[in-house]
There are 2 protein chains.
Amino acid sequence: MPATPAVPDGKRPTLADVAALAGVSTALVSIVMREAKGASAATRERVLEAAREIGYRPDSRARLLRSNRSRLLGVQFGLQHPFHTDLVEGIYAAAESAGYQVALSAVAPSRSERQAVETLLGDRCEALILLGPQAPAARLAELSAQLPVVSVVRRLRPPAAGVDVVRTADDEGARQAVDHLVALGHRDIAHVDGGKAPGAADRRRGYRTAMNRHGLAGRARVLPGGLTEEDGATAARALLDARPRPTAVLAFNDRCATGVLDAFLRARVPVPDEISVVGFDNSHLARLAHIDLTTVGQDASRLAELAVGRAVARLEGEKRSGTETVIAPHLVTRGTTAAPPEGIKPVVRD
Amino acid sequence: MPATPAVPDGKRPTLADVAALAGVSTALVSIVMREAKGASAATRERVLEAAREIGYRPDSRARLLRSNRSRLLGVQFGLQHPFHTDLVEGIYAAAESAGYQVALSAVAPSRSERQAVETLLGDRCEALILLGPQAPAARLAELSAQLPVVSVVRRLRPPAAGVDVVRTADDEGARQAVDHLVALGHRDIAHVDGGKAPGAADRRRGYRTAMNRHGLAGRARVLPGGLTEEDGATAARALLDARPRPTAVLAFNDRCATGVLDAFLRARVPVPDEISVVGFDNSHLARLAHIDLTTVGQDASRLAELAVGRAVARLEGEKRSGTETVIAPHLVTRGTTAAPPEGIKPVVRD
DNA sequence: GGCCGATTCTAGAACGTTCTAGTCAGTCGT
DNA sequence: ACGACTGACTAGAACGTTCTAGAATCGGCC
């Protein structure tokens, strides 16, 4: 029965218990547990055996308290944001292979960003990775004076303040989507935007300049949207009544796009036959066979990797801060985009 | 400029720094920071002022190390499972009002349950709250020998092993759904199940016994499904080809139900006019206006509250363990269910 | 004036680790 | 034979808190 608590008194076993059993000093046990050098193979085995026997498990608090490095990365994410969970997963992987641990702190309706960051700080994280933070730039700058801070999907206007930014080129993504649609023959392309969400402004701008470049400035239409399905659906209903009705819609988000899609389906407007839809994020949602959404891909695992990379670089002594790393998005063409319907196509300028 | 790091050497300020500045002992500062009694109002203010001035923040590691209680609840959840995020949110709230902190540890494709639990244990959590754990019962029992363990949505067959279980009455939920559909006049009701997912077996059983009780055993049909949209969609496509085609579908999940819904819409089979659909979870998804899914509600915040309550009770000395708390689900009627189409209705036995 | 009980404060020992600076053999080179 | 070196090990001081005792201080009351 090797799985019993194993130490006589109810307490959790410590280094000292292992040391006593193995007949060595606590320091040596520490060496063995850390896999540091300074112990012979024979005693190493003996100590490990003793540890196993009494079910010893290192106390990370004490460990972190003593060592000047905590090797802990604090990650703040939005509980209800699917794209964040993709990022978190990537961060776990990247952190592990860089030899760091991850402390998670969620933001939810009942839990503010301030609270989330506060606990991370209390846990002695060495750096902060904030996914789409909404906090004012001044607050981020303040934090950044205490430890390395990486903002992941949120752009900061003046790259100052020492906050490192890792993000996708949102404007470029919007441009790619518009180019794709125009190449298919669309001219009346509407954009359902993301309001004040991180990245929304850039996508809006990218959409507008792309429309301009194609000489379609007059036909550009931006509808107030948001990041939920509901936002997309209400915007889509408005579009159905609009004259001329657009032949394509670029949504802020995959979630938003799903809402658009759903509203069109309910109104019996076939996609992509009558109208094309493009999303943004290439989330799990979009990949699903029955949604099969053309979307602008943000490479979550690459963003995660870069964010961790920046944080680690700063921790390992790199002085340069306030950098901005922008990665290129890439259009993923799937089933929700096609040429506009015949009846409308002739409108295309010769 | 009150936001500067403020302590001469680069180190993070400690109790001793505050004590030196305020001209008191570290013990007294500790008293003030903990809001314990034993300090006069005057010095209390002075200490707080000093702390504020140098930007002191208590080190939770050291704090936890010293005090025998860590007041930390370890929560394991599935990153990609939307219902879990609802639960986590509730847990944050419940824990806070019980005076406990929460440590999050995610399970993801790249991060096993074992790893997740291992870090929680290393962080010295006093109890574990596991959301839908997949680990074998023996493993849970083993853990439960070390600290209080609460399994949230997963039922454990022999209530033994000391693991507390908090869950929804899944069979009862399925029954309610079937009753509702039968009351509307449906007789051919199919069930798209959840395979080996926690709760799936109970829902399947609830569906079967309910069908029996209505004398519809011969018409019961269970299709292998799963917990994603894709699973629902493939099952739905199979149903469309089935003869007789069912007039209603009970899906394992809201996500699964969404998949079913989508497949029907694409096939131009109107819901609920030709076929009714019921989900399970009452997740955000179902509530969205454009999906408007009739579903069996699991009260996430109540489940969370109960789970935290069990963990806390155990920690405060309650001996009784291995309890099972089952809460009743409730049907939420929305727009995806209605009477079966006229052409089929006459089949109902007089 | 002396004693009591609060109240306010402090010294110093924990907590479970890691780190620094050793000690103690044994080995090697000359 | 002797010092220098190496490898295995250890004593004891950190780390930043909280906790246990107990020391001052202060009215108030006989």
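In what follows, every chain begins at residue 1, and chains take the letters A, B, ... in the order their sequences are listed.
Between T43(B) and the phosphate of dC9(C), there is a side-chain N or O to OP1/OP2 separation shorter than 4.0 Å.
Each of S40(B) and A62(B) was matched to the nucleotide of DNA chain C holding its nearest heavy atom; the match closer to the 5' end belongs to S40(B).
Across all strands shown, R124(A) has heavy atoms under 4.0 Å from sugar-phosphate atoms exclusively, and none from any base. Residue contacts shown for S60(B) are absent, as no nucleic acid heavy atom lies under 4.0 Å away.
A salt bridge links E118(B) with R57(A): at least one charged nitrogen is closer than 4.0 Å to a carboxylate oxygen. The pair R52(B)-E49(B) meets the salt-bridge criterion, since a charged nitrogen lies less than 4.0 angstrom from a carboxylate oxygen. Taking 4.0 Å as the cut-off between side-chain N and carboxylate O, R167(A) and E324(A) count as a salt-bridged pair. In this structure, R111(A) does not pair ionically with E96(B), as no charged nitrogen and carboxylate oxygen lie closer than 4.0 Å. A salt bridge links R69(A) to E126(A): one of the charged nitrogens lies within less than 4.0 Å of a carboxylate oxygen.
Residues from residues 22-38 of chain B placing a heavy atom under 4.0 Å of any atom in DNA chain D, listed by number, are A27(B), S30(B), R34(B).
If you measure from atom CZ of R63(B) to atom C1' of dG16(C), you get 18 Å, rounded to the nearest angstrom. The CG-P distance, from D59(B) to dT17(D), rounds to 5 Å in whole Å. Rounded to an integer number of Å, the gap from CZ of R69(B) to P of dC19(D) is 11 Å. We find that CZ of R46(A) is positioned 8 Å from P of dC9(D), with the value rounded to whole Å. In this structure, the CZ atom of R44(A) is 12 Å from the C1' atom of dG7(D), given to the nearest Å. In this structure, CZ of R71(A) is placed 14 Å from C1' of dT18(C), rounded to the nearest angstrom. One interatomic measurement links the two molecules: CG of L64(B) to C1' of dC19(D), which rounds to 15 Å at whole-angstrom precision. In this structure, the CZ atom of R61(B) is 15 Å from the P atom of dT18(D), given to the nearest Å.
S40(B) and R44(B) share no side-chain donor-acceptor pair at under 3.5 Å. Side-chain atoms of R124(B) and S60(A) include no donor-acceptor pair closer than 3.5 Å.
Scanning atom types as modelled, one donor and one acceptor separated by under 3.5 angstrom connect the side chain of R66(A) and the base of dT18(C).
Relative to the axis of its first five pairs, the axis of the last five pairs of the helix from dG1(C)-dC30(D) to dT30(C)-dA1(D) sits at 60°, rounded to 10 degrees.
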Residue pair S30(A), R34(A): steps toward the side chain to side chain donor-acceptor pair (under 3.5 Å) verdict: CA-CA 6 Å; S30(A) 170; R34(A) 275 176 291 145; 3.0 Å; yes

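Pairs engaging residues 100-109 of chain B under the salt bridge (charged side-chain N to carboxylate O under 4.0 Å, His left out) rule: none recorded [sequence neighbours left out].
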